[in-house]
Amino acid sequence: MRAVVLALTVALVVPEFALDKTYVYKYEALLLGGLPHEGLARAGIKVNSKVLLSAVTENTFLMKLMDPLLHEYAGIWPKDPFVPATKLTSALAAQLQIPIKFEYANGVVGKVFAPAGVSPTVMNLQRGILNILQLNLKKTQNIYELQEAGVQGVCRTHYVINEDPKANHIIVTKSKDLSHCQEKIIKDIGLAYTERCAECTERDKSLIETATYNYIMKPAAAGVLIAEATVEEVHQFSPLNEIHGAAMMEAKQTLAFVEIEKTPVVPIKADYLARGSLQYEFATEILQTPIQLMKISDAPAQIIEILKHLVANNVAMVHDDAPLKFVQLIQLLRFATLENIEAIWAQFKDKPVYRRWLLDALPAVGTPVIVKLLKEKFLAGELTIPEFIQALVVALQMVTADLETIQLTASLALHEKIATIPALREVVMLGYGSMIAKHCVAVPTCPAELLGPIHEIAAEAISKNDIPEITLALKVLGNAGHPASLKPIMKLLPGLRTAATSLPLRIQVDAILALRNIAKKEPKLVQPVDLQLVLDRALHPEVRMVACIVLFETKPSVALISSLAGALKLETNMHVASFAYSHIKSLTRITAPDMAAVAGAANVAIKLMSPKLDRLSLRFCRALQLDFYHTPLMVGAAGSAYMINDAATILPRAVVAKARAYLAGAAADVLEIGVRTEGLQEALLQSPAADESVDRITKIKRTLRALANWKALPTNQPLASAYIKLFGQEVAFVNVDKTVIEEAIPIVTGPKPRELLKAALKALQEGIALQYAKPLLMAEVRRILPTAIGVPMELSLYTAAVAVASVNVQATITPPLPEEIETMTLEQLKKTDVQLQAEARPSVALQTFAVMGVNTALIQAAVMAKGKIRTIAPGKVAARADILKGNYKVEALPVEVPEHIVISSFETLAVVRNIEDPTAERIVPLVPELSLQNSQTSYSSEMPPEAPVRAAAPFHKTLCLAVPYIEIKGCIEVHSHNAAFIRNDPLFYIIGQHSARASVARAEGPAVERLELEVQVGPRAAERLLKQISLIDEETPEGKAFLLKLREILETEDKNVRVSSESSSSSRIISSSSSSSMSSSRMTEVRTWDSFYMYFQTATVMEPFRKFHKDRAKFLGNAVPPVFAVIARAVRVDHKLLGYQLAAYFDKPNARVQLVVSSIAENDNLKICADGAVLSKHKVTARVAWGPECQQYAVIAKAEAGVLGEFPAARLEVEWERLPIIVTTYAKKLSKHIPMAAFKAGFKLERVSNADKEIELTAALPSQRSLNVIARIPEMTLSRMDIPLPIAKLMFEPHCTIVLKTLSLKQEENAIKIKMN
């Protein structure tokens, strides 16, 4: 017998089944989802059955299941048992026991046949058993690798064949890498616009899939017999990184030989239809959401029931389960037929509230039926243009992009009614391009014929020189991103075709931008074209820079980037050189894995370019890219900004900003916004404002004059344009030209706005009561893939939100407005008293579900993370405007507040439910509270058991804060229980139960009737002040006594602070003196004015300002009345005054302004005083003081401007008399970091004994593109010369004379007098 075994090892015979025998096997399949740690909850299913295999012919076999039994599981693993799903088994028993036929030759399963009565779900279970029989055994090799077909597709499979002479059998082991498949059976929903970031998953993976098959094969008379087969398959997923913990779907199968019977398996009397191959067949799980299991018996009736529930329960405020009900409505609409939906629409189209709910739900359904319905209803006139556009934009992004839907969209785009509405046609055309892009993601071999209509439109538009049509066609081709469009686009590229040079510049730019999505698929095709455009100096600079953007998006090689850098060394156009240099330099800092090779190439290329380009100002074109990527969590974000100027620098020609996101091995261009001002730019260049010989002020005046004279602007091109892209797809664009302005002006100035104003005012007087609800399916991202047992597993994310607002507004206008509002004069308006009272109750409910597990129309078993947020923010205000008296008041009135204004929760659960027994649904928290846990994973069964770990007690805390005066208390209650006791990793902190609630209630104390904010303008301002404002005069006996008492208090505070910090101060002094001596030894050269070390004598400069405040009245209120007053107060039931008032005084002859803020409380003398004055045309001063009677703290600031020699200069000085201790404490801490920050910023630092209570900042412009700065702060002086300015050509026109002094490091002073004309 040993010889036989050895022979089989060399030339193995495939399993065979005799014609006259029935082979009986015992079959068990298990699928569990959860975390691989004992003591945590899991969810899954189990199938037990006998399997009968019988040969009909040499290559045709029958398989029948006997005594099948389904189990379901949701409990703590492994202590809780499986529960038989008796009702579900009974419902499926008839189907499960129907024999199926299959072809089987040389160990390979071929076609599968079954009667029509066998559902796809049951058929897939049968495929899971047949998948075990799939054996590609080679006769000459014991170890080999191949691509093998199976339930999950054609995947990489590794075979190892061993013999066991003692046991007289052969062991065959095959392992499948399900991440590397030639033909992967998978269904992605909501991921069409994302890109797979292969580099992100090279080292760290978020999804790992593998399967191992072990066979024990024994010799038999007809060859070999499969004695036992075991399968273990693992799908491990984490949104962060698998090394930080991951959820796992584990599938196990066992097929054990029992006996051989002579009773053959008999097929039923029915036609056996071809049902495909071994590969999984998707069923209704595509329409079935994994977050709920609904038994759909009468879809129209169920739709109407949920619709009525949503309308009735979301009026005053949002219902808790509104988002989930909205998802249920969408799911039911997916199962409904076109006739069903048309009947529901006919029933509710005339009811506005129901109509809005339907129009919000229908686009999210995502089936071709909905697109067809929307088309029919619009063409029939049952939908308005805004309704149709809103619904169609969402529907085209959500719908499944198959050939039927693409043809339907094409017919809609070419419809004559759509063609008469330009905005609507643009939406449909852009959506058509997006549909093709989505279809090509699902079907990589999508035919180029799909773009035939667009290519024809583009060719016709080019022949007619129809610029708007060419623009639209290019944007559609750009959305589609099909390589077949490269040739039509190249016809419009400048330099490559002579005809393109006569086209407007914006067409050339749009043609280049249309290559971007093509470049993502075929970068090698686009790179030569882009490089040629960038290097062609005959082209417009903007064209070359846009080509540069597209080139770097193709992720060029180091050789290509180096070639570009070498060519740019001889570039004569500084805008192009600046743009390319800044782009390459920003790429050197990129950390995202998919751009790592480009970043390395950029680091090489930047060394080939001139560093002088780095010093160019922002008047030249720039590109900027910033990103952040956290490898351990596999998350990141990137931002790009491009600014394209020209020589005029009046306005940028173009500005583009883009945001990109990375998550779990995928990347997406989330948002992109672009604005171009080409037409406006050219119009301004033709105006006198473009004259370089005039100063900037004159330029601005001429520019404004040119804009005001808009009728003279050209009509043959847009003045400006803008576009917006979502996930790489352009969804909207707008061109603003003279025609648009001419059409907009009558709309704004015509009779319609006045009619709308009249209707609005009339409605306000009668009262407005409005209830509005807006639902939104914010995210539906799903990945469905089969498991070895033939049951689908799903990874999905759902987010739905519903916002509800209830608004009531009532206005009283005295005297009543005239019927003809347009006849109302300004004098009549001034005499109007308007009182308005409004109450609003906005509320929002949001629910998010993340699911991993089994999702079929019959049974669901999954682990789920569920998050909920509900907010309610009621408010009630009253406002009054008495224009004649100049009195304006706003009051916040008490309003009924719910117990909690914010409720949020997050929990992770194990859930199992089946359609036949909905009441038996079981939901178990993933992390049980206060139970003994064991941190040992299921993979460590051979390791010694660890000591049991008790789960940490749940964290529960309540924080409350009472707001003084208004007697309102806010509380936040937090509860959390997680699995961090198992592993200290992010995922284990997330799973568990977490909740937070926020509440607002009245605190203890007198109730507040209302909060008031009142503004009084004019001579009555003094009358409205609730408390007379007065400031203590230092010269009076009362003032001297007050200041003496205040000084004693402050000296006591200073003494306490001095004692507590004495030791630390001494150590700082030693350190400071040491560093100062080292600095002095290093910097020995004498600074001249060229190095711009300026010194202003503070005593002589600040003294006039102190004298100014001393010579004039301390308080302007003694001489002039306030120009306006503001009172903010809380009105309480005990009539106690609480709040603050502000009075503003203006002394026009002395150009002086004074603001005084004071408390209106009875015994509170706290005040804030701000006093400012204009001393001359170039000097201003201000003093801010606060504390009791504005005497405790004070800061004086002075600013002046002038010229130094021929260069403009400005200076700011800040001096303080006394500051709060907290300010000085943090300032000292901050000063420790100044030397390092100054070093990094390129500033020179000198340790000198500057004034202790003064900061001085001086700046001068030695040239129009550079700035010299010196800053003097206590204990140090900072300076930097020739700082490049981002904007050049700054000009000042001061008229003054100032005295400046230069200071060398040796404190040598030389007076310089500069005359300023």
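Numbers here are sequence positions counted from 1.
Surrounding NZ of Lys187 are at most 12 heavy atoms belonging to other residues, nucleotides or ligands under 6.0 Å away.
Atoms NE2 and CG, on His439 and Asp402 in that order, are 8.0 Å from each other to the nearest 0.5 Å. Annotation: the span from Thr677 atom OG1 to Arg653 atom CZ amounts to 7.5 Å, rounded to 0.5 Å. Separating the CD1 atom in Ile457 from the CG atom in Leu414 is a distance of 5.5 Å, to the nearest 0.5 Å. For the atom pair CZ (Arg676) and OH (Tyr723), the distance works out to 10.0 Å, reported to the nearest 0.5 Å. The distance from the CG atom of Asp536 to the CG atom of Leu531 is 11.0 Å, given to the nearest 0.5 Å. Put simply, CD on Glu195 and NZ on Lys520 are 4.5 Å apart, with the number rounded to the nearest 0.5 Å.
Under the rule for a salt bridge (Lys or Arg N to Asp or Glu O under 4.0 Å), the partners of Arg782 that lie at least two apart in sequence or sit in another chain are Glu794. For the disulfide (SG to SG under 2.5 Å) test, residues two or more places apart in sequence or in another chain that qualify with Cys155 are Cys181. Listed by chain and residue number, nothing satisfies the side chain to side chain contact (heavy atoms under 4.5 Å, CB included) test with Ala423 (two or more places apart in sequence, or in another chain). Partners of Lys184 by salt bridge (Lys or Arg N to Asp or Glu O under 4.0 Å), not counting sequence neighbours, listed by chain and number: Glu209. By the side chain to side chain contact (heavy atoms under 4.5 Å, CB included) test, Glu426 pairs with Leu472, Phe733, sequence neighbours left out. Take Glu730 and apply the salt bridge (Lys or Arg N to Asp or Glu O under 4.0 Å) test, not counting sequence neighbours, and it matches Lys475. In terms of the ring-ring contact (aromatic ring centres under 6.0 Å, His included) criterion, Tyr432 has no residue partners (sequence neighbours excluded). By the side chain to side chain contact (heavy atoms under 4.5 Å, CB included) test, Leu525 is found to be paired with Leu486, Glu522, residues two or more places apart in sequence or in another chain being considered. For Asp188, the salt bridge (Lys or Arg N to Asp or Glu O under 4.0 Å) test picks out Arg783, with sequence neighbours left out. The side chain to side chain contact (heavy atoms under 4.5 Å, CB included) search around Ala664 returns Ser206, not counting sequence neighbours.
The shortest side-chain heavy-atom distance between Ser411 and Leu408 falls under the 4.5 Å cut-off. At a threshold of 4.5 Å between non-hydrogen side-chain atoms, the residues Val399 and Thr409 do not count as touching. Using a 4.5 Å cut-off on side-chain heavy atoms (C-beta onward), Ile549 and Val656 make no contact. Gln397 places a side-chain heavy atom less than 4.5 Å from the side chain of Ser434. Taking 4.5 Å as the limit, some side-chain heavy atom of Leu477 sits within range of a side-chain heavy atom of His455. Two residues are said to be in side-chain contact when any heavy atoms from C-beta on lie closer than 4.5 Å; Leu671 and Leu726 meet this criterion. Here the side chains of Phe552 and Ile584 are in contact, with some heavy-atom distance below 4.5 Å. Side chains of Leu503 and Asn465 form a contact here, defined as non-hydrogen atoms less than 4.5 Å apart.
No donor-acceptor pair closer than 3.5 Å links the side chain of Ser485 to the backbone N or O of Gly481. With Thr554 contributing its side chain and Ala519 its backbone, the two residues share no donor-acceptor pair below 3.5 Å. Ser586 contributes a side-chain N or O that, together with a main-chain N or O of Ser582, makes up a donor-acceptor pair within less than 3.5 Å. With hydrogens and angles disregarded, no donor-acceptor distance shorter than 3.5 Å links the side chain of Ser562 to the backbone of Ala559.
Taking every heavy atom of both residues into account, Cys197 and Asp594 meet most closely at SG-CB, 3.8 Å. Taking both residues in full, the closest heavy atoms of Asn735 and Ser721 are given as OD1-CB, 3.0 Å, listed atom of the first, atom of the second, then distance. Closest of all the heavy-atom pairs between Ser578 and Cys621 is OG-O, 2.8 Å. Between Leu451 and Ala480, the shortest heavy-atom distance links the atoms CD2-CB, 3.7 Å. Glu571 and Arg537 get closest at one heavy-atom pair: N-NH2, 3.7 Å. When all heavy atoms of Ala637 and Tyr662 are compared, the closest pair comes out as N-CD1, 4.2 Å.
Between Phe579 and His583, the two ring planes are perpendicular [angle over 60°; tilted spans 30° to 60°].
For residues 423-464, the disulfide (SG to SG under 2.5 Å) pairs, not counting sequence neighbours, are Cys440-Cys446. Every pair tested for salt bridge (charged side-chain N to carboxylate O under 4.0 Å, His left out) that includes a residue from residues 633-642 fails, sequence neighbours excluded, so the list is empty.
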Could you go through the side chain to side chain contact (heavy atoms under 4.5 Å, CB included) check for Arg506 and Ile467 one step at a time?
CA-CA 9 Å; Arg506 67 179 187 274; Ile467 302 302; 3.0 Å; yes
Would Asp669 and Arg516 count as a salt bridge (charged side-chain N to carboxylate O under 4.0 Å, His left out) if you check the C-alpha gap in whole Å, the side-chain angles of each, and the deciding distance to 0.1 Å?
CA-CA 12 Å; Asp669 294 329; Arg516 297 171 79 181; over 6 Å; no
Test Ile512 against Val529 for side chain to side chain contact (heavy atoms under 4.5 Å, CB included), laying out the working first.
CA-CA 9 Å; Ile512 298 173; Val529 177; over 6 Å; no
Under the side chain to side chain contact (heavy atoms under 4.5 Å, CB included) criterion, do Lys658 and Glu553 qualify, and how do the steps go?
CA-CA 12 Å; Lys658 183 175 73 171; Glu553 288 185 355; 3.0 Å; yes
Evaluate Asn517 against Gln729 for side chain to side chain contact (heavy atoms under 4.5 Å, CB included), listing each step before the verdict.
CA-CA 9 Å; Asn517 283 334; Gln729 296 292 303; 3.7 Å; yes
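Val598 pairs with exactly one of Asn603, Ile561, Ile590 by the side chain to side chain contact (heavy atoms under 4.5 Å, CB included) rule, that one being Ile561.
A donor-acceptor pair shorter than 3.5 Å can be found between the side chains of Tyr642 and Gln625. Checking Thr591 against Asp627 by side-chain atom types alone, a donor-acceptor pair falls below 3.5 Å.
Using a 4.0 Å cut-off between a side-chain N of Lys or Arg and a carboxylate O of Asp or Glu, Glu469 and Lys464 do not qualify as a salt bridge.
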